[in-house]
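Atoms within each ligand, like the ligands themselves, are counted from 1 in listed order.
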Amino acid sequence: MTFLNRIFNRKGKTELASSVAQPLRRSLTDPAPSGSLTPSKGRKSSSDDREGLDGPAPSRLGGPRARRGCDLGRSRTAADASELTSRDSHSSSLEPASMSDDGGKSNYRQMKAVHRSRLHTIMAAQDRTTKRNVILKVFPKARMSSTVRTKLESEVHHLRTLTGLPGVVQYITHFEDDESVYVVLERVGGATLIELVANSGGRLSESVLAADVLIPLLQLLADLHRRGVVHRHIKPEHVLCSTDRGQVTVVDWSEAVNMKQRCLNNRAGTLEYMAPEVVVKPTAEEVFHHVLYNGMSEEELPQYDEKADVWSVGVLAYEAITGCQPFLADTAADMAQAHTQQLEADPATGQPRLFAGRAFSPEARAFLVAALQLDPINRASADKLLQTPFLQKHWAAYQAKQVALMASIAASMPASPPHVPASASGVMAAVQSAVHEVNQAAAMAMTAARMGLGAATSGGGNGCTSIPLSAGPAKPNLLVAAPIQFPVR
Ligand SMILES: Nc1ncnc2c1ncn2[C@@H]1O[C@H](COP(=O)(O)OP(=O)(O)OP(=O)(O)O)[C@@H](O)[C@H]1O
């Protein structure tokens, strides 16, 4: 997908396109500037979006990808592969969902498509009862292969497990009717990082990037990684930024995996943001064949870990500062080469090509070097990145916004006891609203801890690391365990 399309999908406007968007999609790996903005070199959606479609999908990742568009009619797909070979327990996440009017589509109004992919549509809507602004992810059943269904189940599983963690988009419910499956999420305000960059003239200042994006994003990732969760799909389109509050919210959890439950051994995510160790991994389908037909166990296959997310953050940060994607290629093999070429020292300057002709502050550059290490062993963790001078320098600005945010949340908390409604849908609305408030309070507590009240953490009291699991609410997801399992009748 081109950069322009990405902007249109979200905004539905054209004004951003002409002046700002073009330079953003220049690749450093593209030797000919005139050819660097062709759609094929532009943004792509996730590699696995091309799975399970009706017709043949474009083969961007080489060899076996070319066959993957035909999965719909097959009895065994890559999704079956990941189910069979996985030890993850999320496969029953989508319980029989509500088809009643109370829990169904008619509960929502003002539905408007804000983003379309080949497999689903993202609709903005409003809950008629609660008046809450929501996002409906609508997956037409006609296009839903078992691959897509498995991803959807996985996404719901992780959203439910992680609900309440600041920075994770809040899951509300899911339901289905004859045509589609719907997942309802909170509608997050603010802009995607890609829009933020575009609105800032094509480049983001290092200070805004550090204080408003990288610190909250890396705090979330550090929390997730301690829990064993790897997002695997970090990219600017999936990071919604609220710069006035210094907050980010990460969407699209379809590739998330808990390493304690499942091996990370297949290629996943969007090619431009994939870490070197992920790019060279087999596709899920290939893993399936290795395991099923070659008699290998999953543990025997080479694995990767949470450092994959750190690489994606490095790519995202480089792109936000320069307006250019650092690595572009159409196939996994070419991408692996691009990684090496860009990070090799240029004989003329002795510097990695990636930094040639680019103006970074020394701190930002050191941050990028730490995040963009080819070998994950040498790559910094999310926690370590939070301790880099680059982020330390902007910590006070981040902290000031968090203090203001907590004060505004505290001021908006209702003082009087809630009204007890008579109808079932009223009860549901009241429960959802109460859950929202409890989550806000939990988020406040966690934010406070992250800001440095958790001085016992590895950041040495400077507030630059996220809270250890034992310091915050033990399981923030428990806060919303009850209301997400309905159908409502
Ligand atoms: N909860 C939300 N609140 C506000 N906007 C959202 C939300 N979820 C998604 N969006 C918007 O929709 C866009 C697409 O969302 P998402 O990435 O989940 O869909 P997708 O089709 O899987 O995308 P892709 O395959 O290209 O990664 C996001 O970039 C964002 O602009």
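- Arg203 places a side-chain N or O within 3.5 Å of a backbone atom of Thr322 that can act as its donor or acceptor partner.
- With Gln303 contributing its side chain and Cys263 its backbone, the two residues share no donor-acceptor pair below 3.5 Å.
- The closest approach between a heavy atom of Lys235 and any atom of ligand 1 is below 4.0 Å.
- Near Val169, meaning under 4.0 Å from any of its heavy atoms, are these atoms of ligand 1: 1 (N).
- Counting heavy atoms from C-beta on, the side chains of Thr161 and Arg227 never come closer than 4.5 Å.
- Residue Arg187 has at least one heavy-atom neighbour below 4.0 Å for each of these atoms of ligand 1: 3 (N).
- The contact set between ligand 1 and Ser117, taken as ligand atoms under 4.0 Å from a residue heavy atom, comprises 21 (O).
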* Output, in order, the C-alpha distance, side-chain angles, deciding distance and verdict of side chain to side chain donor-acceptor pair (under 3.5 Å) for His231 and Asp309. => CA-CA 7 Å; His231 184 276; Asp309 281 347; 5.1 Å; no
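- In this structure, the side chain of Lys281 engages the main chain of Glu277 through a donor-acceptor pair within 3.5 Å.
- Per-residue contacts place Lys137 under 4.0 angstrom from the following atoms of ligand 1 (heavy atoms of the residue considered): 18 (O).
- Of all atoms in ligand 1, numbered sequentially from 1 with element shown, those under 4.0 Å from a heavy atom of Glu186 are 1 (N), 2 (C), 3 (N).
- Contacts between Thr270 and ligand 1, counted as non-hydrogen atom pairs separated by less than 4.0 Å, are absent for every part of the residue.
- Distances between N or O atoms of His120 and those of ligand 1 include at least one value under 3.5 Å.
- Between the side chain of Arg245 and the main chain of Leu405, no donor-acceptor pair closer than 3.5 Å is present.
- In this comparison of Val251, Val188, Asp252, Val184, the heavy atom closest to atom 4 (C) of ligand 1 sits on Val188.
- Residues Trp311 and Tyr304 keep their aromatic ring centres 6.0 Å or farther apart.
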